Amino acid sequence: MRTENLRARLSGLPEPYPEGAEPAPGSAPEPEPGTEACSLPPYAVGERVEAFSLPDGEGVRRNPLEAAEEYVLLDFWASWCAPCRRELPVLLDAASRFDGVLSVCAVSVDEDAAAWRSAVEQEGLSPLLNLRLDRSDASFAELVARFDIRTIPHNLLLDGERRVVAVDLRGDALCEWLEQHVGR
């Protein structure tokens, strides 16, 4: 059985096998439960995102698509990801500048729940909707595939109909896009 390393997979590095184990030539390793491939393609610009829910810090499942705001940003990150951590102040600024128009949902892919909670507190992310995508979640493989999470940070901006309108708006690009389309 192959041991999955989420950090290696999201960073594009090879996934390690257990020490001393080698895959048999021509054989595919058995996927761990909850990591089976999804047959659905990634969401494309213009496509409507289907409802989903993930647990927040208290374990309550929340659907970020139910936000009242016109736009929803789904931002995928992890506490161990330095570029992600550098991007968090930009998300907080955008949420503040476009309050009432933009809902920011910070979706962590941390395997370590304590590290995630600590990072949320350290970075002052309480104004955002903070959810965690854990590989033990039954929808893990589907959400990773549908949101095309190959590297982090990674985000999708959704409109009022919850259609993807932009992907990977980083830094100033997020606020610039919103200024052009919202007019603030």
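These numbers come from a predicted model, not from an experiment. These values consider heavy atoms only, across backbone and side chains, with no hydrogens, waters or symmetry-generated copies.
- With contacts defined as side-chain heavy-atom distances shorter than 4.5 Å, the pair Glu66/Val72 does not qualify.
- Arg61 contributes atom CZ, which lies 5.5 Å from atom OG of Ser139 (distance to the nearest 0.5 angstrom).
- The hydrophobic cluster containing Leu129 also contains Val164, counting ILVMFWY residues as joined when their side-chain heavy atoms lie under 4.5 angstrom apart, directly or transitively.
- Within the model, atoms CG of Leu54 and CG of Asp134 stand 9.5 Å from one another, a figure rounded to the nearest 0.5 Å.
- Residue Arg48 qualifies as open at atom CZ: its count of foreign heavy atoms under 6.0 Å is 12 or below.
- Residues Arg170 and Pro153 approach most closely at NH2-CB, 3.1 Å, considering heavy atoms.
- The shortest distance between side-chain heavy atoms of Pro83 and Trp77 does not fall below 4.5 Å.
- Formation of a donor-acceptor pair under 3.5 Å by the Glu47 side chain with backbone atoms of Arg163 is not found in this model.
- Around CG of Asp172, the count of heavy atoms belonging to other residues, nucleotides or ligands within 6.0 Å does not exceed 12.
- In terms of modelled atom types and a separation under 3.5 Å, the side chain of Arg132 and the main chain of Pro55 share no donor-acceptor contact.
- Side-chain atoms of Asp110 come within 3.5 Å of backbone N or O of Ser79 as a donor-acceptor pair.
- Cluster annotation: Leu174 is connected to Phe98 through the hydrophobic network of ILVMFWY side chains, with a link wherever side-chain heavy atoms come within less than 4.5 Å.
- Clustering ILVMFWY residues whenever any of their side-chain heavy atoms sit less than 4.5 angstrom apart, transitively, puts Leu91 in the very cluster that holds Val182.
- Residues Gly171 and Glu87 approach most closely at N-OE2, 2.8 Å, considering heavy atoms.
- The shortest distance between side-chain heavy atoms of Ser103 and Pro64 does not fall below 4.5 Å.
- Within a 6.0 Å radius of CZ in Arg62, other residues, nucleotides and ligands contribute 12 heavy atoms or fewer.
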Steps toward side-chain contact (heavy atoms from CB on, under 4.5 Å) verdict (Ile152, Trp80): CA-CA 11 Å; Ile152 54 173; Trp80 46 262; 3.8 Å; yes
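- For the atom pair CG of Leu74 and CD1 of Ile149, the computed distance is 9.0 Å after rounding to the nearest 0.5 Å.
- Remark: the backbone N or O of Leu169 is paired with a side-chain donor or acceptor of Asn155 at under 3.5 angstrom.
- The closest donor-acceptor contact from the side chain of Asn130 to the backbone of Leu125 lies under 3.5 Å.
- The CD atom of Gln180 lies 11.5 Å from the SG atom of Cys175; values are rounded to the nearest 0.5 Å.
- Asp137 is not listed as a side-chain neighbour of Phe52, based on a closest heavy-atom distance of 4.5 Å or more.
- Using modelled atom types, no side-chain atom of Arg135 and backbone atom of Glu111 make a donor-acceptor pair closer than 3.5 Å.
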Trace of the side-chain contact (heavy atoms from CB on, under 4.5 Å) decision for Leu133 with Val144: CA-CA 9 Å; Leu133 176 57; Val144 166; 4.1 Å; yes
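- A ring-centre distance under 6.0 Å is found for Phe76 and Phe147.
- Annotation: side chain of Tyr71 is in contact with side chain of Asp159 (closest heavy-atom distance under 4.5 Å).
- Within the 3.5 Å criterion, the main-chain N or O of Leu65 finds a donor-acceptor partner in the side chain of Arg162.
- Put simply, Leu92 and Val90 are part of two different groups of oily side chains (I, L, V, M, F, W, Y) that touch within less than 4.5 Å, one to the next.
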